[in-house]
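These notes are about the structure you will find just below.
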Amino acid sequence: MNLLIQFSYLQLLDLMTTMAFLLRGIEEANPIVRLALRATPWPIGGLVALKVLAILLAFYCVRRARLRLLSRVNVFFAVLVAWNVFALILT
């Protein structure tokens, strides 16, 4: 359950840093997220929907005991969020 909480927290941080980039006029680099932003009338709604889907997939990993996979994804998102914060500081 701890991995799921960590994953959810990292998703929230990624959401916040993505919103900060968008507010500064910087285009989203991830093509899937870019599509979600354009596919909804309220762009942030597409981003939130993707984050909810990601958390549901993480919950599925926990239920299926794919904890090693979820742990690796958490490391990936921790590095991603750190990079986003670093990039925001530089801009």
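This one's a predicted model, so the numbers in the text were calculated from it and none came from an experiment. Along the sequence shown, residues are numbered consecutively beginning with 1.
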Student check: side-chain heavy atoms of Asn84 and Met16 closer than 4.5 Å = no

request  = Quickly, which of Leu80, Leu12, Leu88 forms a side chain to side chain contact (heavy atoms under 4.5 Å, CB included) with Thr17? Name it, please.
outcome  = Leu88

ask   = Are Leu47 and Phe76 co-members of a hydrophobic cluster defined by side-chain heavy atoms under 4.5 Å apart?
value = no

ask   = Hey, does Ile44 have a side-chain heavy atom less than 4.5 Å from the side chain of Leu22?
value = yes

message = Which residues pass the side-chain hydrogen bond (donor to acceptor under 3.5 Å, both in side chains) test with Arg38, not counting sequence neighbours?
response = Glu27

query = When rounded to the nearest 0.5 angstrom, what distance separates OH in Tyr9 from CG in Asp14?
reply = 12.5 Å

ask   = Is it true that Leu15 and Trp42 fall in one hydrophobic cluster, defined by side-chain heavy atoms closer than 4.5 Å?
value = yes

query = Are there more than 12 heavy atoms of other residues, nucleotides or ligands under 6.0 Å from atom CD1 of Ile32?
reply = no

remark   = In terms of heavy-atom contacts, Ala36 and Leu50 come closest through CB-CD1, 3.4 Å

message = Once rounded to the nearest 0.5 Å, what's the spacing between atom CZ of Arg63 and atom OH of Tyr60?
response = 11.0 Å

remark   = Between Ala58 and Phe7, the two heavy atoms sitting closest are CB-CD2, 3.3 Å

key: Results of salt bridge (Lys or Arg N to Asp or Glu O under 4.0 Å) for Arg66 - residues two or more places apart only   = none

ask   = Going by heavy atoms in the side chains, are Gln6 and Leu3 under 4.5 Å from each other?
value = yes

key: Exercise: identify the closest heavy-atom pair between Arg34 and Ala29   = NH1-O, 3.3 Å

request  = Measure across Thr40 and Gly45 and return the closest heavy-atom pair with its distance rounded to 0.1 Å.
outcome  = OG1-C, 4.3 Å

task = For Ser71 and Leu67, indicate whether the former's side chain and the latter's backbone hold a donor-acceptor pair under 3.5 Å.
result = no

message = Is there a path of hydrophobic side-chain contacts, each under 4.5 Å between heavy atoms, that joins Phe77 and Ile55?
response = yes

inquiry  = Do Val48 and Val33 sit in one hydrophobic cluster, given that two such residues count as connected whenever their side-chain heavy atoms are within less than 4.5 Å of each other, even indirectly?
reply    = yes

ask   = Does Phe59 share a hydrophobic cluster with Leu69, counting links as ILVMFWY side-chain heavy atoms below 4.5 Å and allowing steps through other members?
value = yes

key: Shortest non-hydrogen separation from Leu37 to Glu28 and the atoms involved   = CD1-CB, 3.9 Å

key: Minimal non-hydrogen separation, Val81 against Leu10, with atom names   = CG2-O, 3.9 Å

